[in-house]
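Keep in mind that this is a model prediction, so the values were computed, not measured.
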Amino acid sequence: MSIDLDRKTMILAIETSCDETAAAVVENGTIVRSNIVASQMDIHKRFGGVVPEVASRHHVEQITVVCEEAIRESGIGWEELDAVAVTQGPGLIGALLVGVNCAKALAYAHGIPLVPVHHITGHIYANRLVTELQFPLIALVVSGGHTELVYMKEHGNYHVVGTTRDDAAGEAFDKVARTLGLPYPGGPEIDRLARRGNTAIDFPRAWLEEGSLDFSFSGLKSAVINYIHNERQRGREVNRADAAASFQASVSEVLVKKTIAAAERYSARQVLVAGGVSANRQIREEMALAAESAGLPLVIPPLKYCTDNAAMIAAAGTIGFLKGRRADLSLNGSASLSIEDF
Ligand code: KG4
Ligand code: ZN
């Protein structure tokens with residue numbers, strides 16, 4: 001399907017799928033006029049993870065202010081908007097509903113179209129805020145809730161070629177961090193700790209069947225937990241930095257090799273990496289090296305577009321808008337939603 005990428009657009013997007021209340025205004029799919037994110041991280045930290053009911057309540061408290069701030073900072077008037085885009089799913093249902101209802105109200109009040117967006121397409125399109133996409137491409141989306149390899153042959157066309165069979169990559173980081181006594185979210189903590197450690201422990205790599213582009217992190221997670229218990233039972237002090245470094249090396253190696261294998265299999269002209277885990281230093285470095293030696297252009301968005309935000313939802317929503325994707329006021333949030341339907 002060909003879409004008119006030259007058409008001028010001004011899109012307000014809303015994202016409330018997890019623990020960030022976010023709104024942004026993006027012009028022509030690539031120019032970020034405003035990007036407001038109210039994070040609840042500190043609130044959930046004391047519970048050691050995101051508490052869904054608490055998240056919904058905070059979204060309700062924040063959403064109006066965040067949307068108004070996004071419009072104010074963008075310098076545009078409500079009448080200049082062409083559409084309101086919103087994350088329909090996947091995510092926490094109570095959290096999603098807050099954003100979806102707000103978007104419906106705004107679309108109705110201003111008489112503009114409502115565009116539903118799949119959260120993962122947002123993570124992928126975060127890359128278009130920094131570089132124009134080249135097709136066909138392979139995108140690795142790694143976050144607290146997702147681990148997906150997505151093949152795209154053109155704008156707005158998504159085909160999942162690999163996914164996790166158990167935990168998401170970020171979830172594995174968070175669970176292993178908790179076992180090591182590190183605070184939530186564990187990814188950045190392991191990232192930091194690993195820099196001081198050696199890959200002294202031989203943790204498994206889950207390659208799965210020959211040629212599979214799927215992932216599995218539960219075996220690795222159990223291996224780390226078993227290692228810690230064994231060391232403690234023997235009265236030895238666990239070297240947490242070595243455990244972190246060895247765990248991270250295993251995750252990084254599998255993510256990098258499978259991403260490059262997917263890119264080669266699908267003759268990709270570009271490799272994208274997105275989602276919170278792409279903030280990881282080792283993964284960024286190893287992905288860059290592997291892409292370079294395979295002769296593949298690699299794009300990883302800056303950190304502010306890697307973690308959940310609404311500018312990425314606006315970027316993906318612009319493509320949905322140009323494709324003619326619309327929702328009416330019966331739109332509902334959906335905890336699980338297939339990217340291939342978008
Ligand atoms: O994309 P994101 O902000 O939210 C979701 O959509 O899930 O990703 C959050 C995840 C958490 O699991 C967090 O531990 C992980 O990204 N993360 C990292 C790093 N920074 C955040 N994982 C590894 N290394 C990091 N530096
Ligand atoms: Zn996300």
| task | Any chance you could pull the hydrophobic cluster mates of Ile93, using side-chain heavy atoms under 4.5 angstrom and chaining through other members? | result | Leu97
| message | Using the rule given for side-chain contact (heavy atoms from CB on, under 4.5 Å), can you reason through Phe321 versus Arg326, listing the C-alpha separation, both sets of side-chain angles and the distance that settles it, and then say yes or no? | response | CA-CA 7 Å; Phe321 175 72; Arg326 303 286 183 272; 3.3 Å; yes
| message | Keeping Ser246 on the side-chain end and Ile201 on the backbone end, is there a donor-acceptor pair under 3.5 Å? | response | yes
| Can you check whether Phe247 and Phe203 have ring centres sitting under 6.0 Å from each other? | no
| field | 4.5 Å side-chain heavy-atom contact, Pro136 and Arg269 | value | yes
| query | Just wondering, do Val26 and Arg33 contact through their side chains at under 4.5 Å, heavy atoms? | reply | no
| note | NE2 (His123) and SG (Cys306) are apart, to the nearest 0.5 Å, by 9.0 Å
| Do NZ/NE/NH1/NH2 and the carboxylate oxygens of Glu61 and Arg57 come within less than 4.0 Å? | no
| query | Is the NZ or CZ atom of Arg325 both under 6.0 Å from the centre of the six-membered ring of Phe342 and within 45° of that ring's axis? | reply | yes
| Ile260 side chain reached by Leu296 side chain, heavy atoms, under 4.5 Å | yes
| Once you round to the nearest 0.5 Å, how far does CG of Leu272 lie from OG1 of Thr131? | 8.5 Å
| message | Go through it in stages, so that I can follow the logic: the residues are Asp166 and Phe215, the test is side-chain contact (heavy atoms from CB on, under 4.5 Å), and I'd like the CA-CA distance, side-chain angles, deciding distance and then a yes or no. | response | CA-CA 8 Å; Asp166 38 63; Phe215 302 95; over 6 Å; no
| Euclidean distance, Ile31 CD1 relative to Leu129 CG, rounded to 0.5 Å | 10.5 Å
| message | Quick one: does any side-chain atom of Asp174 pair with a main-chain N or O of Gly186 as donor and acceptor, under 3.5 Å? | response | yes
| message | When you compare the side chain of Val271 with that of Val299, does any pair of heavy atoms fall below 4.5 Å? | response | no
| query | Do the non-hydrogen side-chain atoms of Leu298 and Val273 ever get within less than 4.5 Å of each other? | reply | yes
| Donor-acceptor contact present, side-chain Thr199 to main-chain Ala245, <3.5 Å | no
| task | Quick one: closest heavy-atom pair of Asp308 and Cys18, and the distance? | result | OD2-CB, 4.1 Å
| Going from CG on Leu337 to CD1 on Ile339, what distance comes out if it is rounded to the nearest 0.5 angstrom? | 9.5 Å
| message | Is a donor from one side chain sitting under 3.5 angstrom from an acceptor on the other, for His159 and Glu340? | response | yes
| field | CH2-CG distance between Trp78 and Leu106, expressed to the nearest 0.5 angstrom | value | 4.5 Å
| request: Report yes if the side chains of Ser218 and Arg165 come closer than 4.5 Å at any heavy-atom pair, otherwise no. | output: no
| Linking I/L/V/M/F/W/Y whenever any side-chain heavy atoms sit under 4.5 Å apart, do Ile63 and Leu114 land together? | yes
| Heavy-atom closest contact (Met312 atom, Gly122 atom, distance) | CB-O, 3.1 Å
| field | The single option from Val142, Leu140, Thr163, Val161 passing side chain to side chain contact (heavy atoms under 4.5 Å, CB included) against Glu148 | value | Thr163
| request: Measure across Ala23 and Val66 and return the closest heavy-atom pair with its distance rounded to 0.1 Å. | output: N-CG1, 3.4 Å
| message | Less than 3.5 Å apart, any donor N or O on the side chain of His119 or Glu15 sitting next to an acceptor on the other? | response | yes
| field | Donor-acceptor contact below 3.5 Å, side chain Lys221 vs main chain Lys175 | value | no
| remark: Result for side chain to side chain contact (heavy atoms under 4.5 Å, CB included) between Ser216 and one of Thr164, Asp167, Leu208, Thr147 points to Leu208
| Glu189 and Phe173: side-chain contact (heavy atoms from CB on, under 4.5 Å), yes or no, with the steps? | CA-CA 9 Å; Glu189 301 285 335; Phe173 268 96; over 6 Å; no
| query | Is a donor on one side and an acceptor on the other found under 3.5 Å between the side chain of Arg232 and the backbone of Val238? | reply | no
| Within-4.5 Å side-chain heavy-atom neighbours: Tyr151 and Leu137 | no
| task | Kindly check if the number of other-residue, nucleotide or ligand heavy atoms within 6.0 Å of CD (Glu210) is above 12? | result | no
| Between Asn309 (side chain) and Thr307 (backbone), is there a donor-acceptor pair under 3.5 Å? | yes
| Are Tyr184 and Ile228 grouped together when hydrophobic residues (ILVMFWY) are joined by side-chain heavy atoms under 4.5 angstrom apart? | no
| Remaining members of the apolar cluster that contains Leu329, side-chain heavy atoms under 4.5 Å | Tyr108
| How many angstroms lie between CD in Gln270 and CG in Asn127, if you round to the nearest 0.5 Å? | 7.5 Å
| said: Given 3.5 Å as the limit, does a donor-acceptor pair link the side chain of Glu68 with the main chain of Val65, or not? | reply: no
| request: Answer whether the closest heavy-atom distance between the side chains of His118 and Pro90 falls below 4.5 Å. | output: yes
| task | May I ask you to say whether Asp191 pairs ionically with Arg195, meaning some side-chain N is under 4.0 Å from a carboxylate O? | result | yes
| Co-membership, hydrophobic cluster, residues Ile313 and Tyr305, 4.5 Å side-chain | no
| query | Considering all heavy atoms of both residues, which atom of Thr259 and which atom of Ile138 are nearest to each other, and what is their separation? | reply | O-CG2, 4.2 Å
| task | Would you confirm whether Asn28, through its side chain, and Thr30, through its main-chain N or O, come within 3.5 Å as a donor-acceptor pair? | result | no
| field | Short side-chain to backbone donor-acceptor contact, Tyr125 and Gly156, under 3.5 Å | value | yes
| task | Search all heavy atoms of Ser56 against all heavy atoms of Ala95 and return the closest pair with its distance. | result | OG-N, 3.5 Å
| query | Would one find more than 12 heavy atoms of other residues, nucleotides or ligands at under 6.0 Å from atom CD of Glu132? | reply | yes
| Do Glu253 and Lys257 meet the salt-bridge criterion of a basic N to acidic O distance under 4.0 Å? | yes
| Which heavy-atom pair separates Phe217 from Ala172 by the least distance, and what is that distance? | CB-CB, 3.8 Å
| message | Applying side-chain contact (heavy atoms from CB on, under 4.5 Å) to Leu182 and Arg240, what does each step give before you reach the verdict? | response | CA-CA 10 Å; Leu182 300 167; Arg240 296 197 310 170; 4.0 Å; yes
| task | Check whether Val130 and Leu133 end up in the same hydrophobic cluster, where Ile, Leu, Val, Met, Phe, Trp and Tyr are linked by side-chain heavy atoms less than 4.5 Å apart. | result | yes
| task | Answer with yes or no whether the side chains of Thr21 and His59 bring together a donor and an acceptor at under 3.5 Å. | result | yes
| Side-chain (Ser34) to main-chain (Val25) donor-acceptor, under 3.5 angstrom | yes
| request: With side chain to side chain donor-acceptor pair (under 3.5 Å) as the test, would you mind laying out the steps for Glu286 and Ser252 before giving the verdict? | output: CA-CA 7 Å; Glu286 290 185 355; Ser252 181; 2.6 Å; yes
| request: Consider only side-chain heavy atoms of I, L, V, M, F, W and Y, link residues closer than 4.5 Å, and tell whether Ile14 and Ile112 are in one cluster. | output: yes
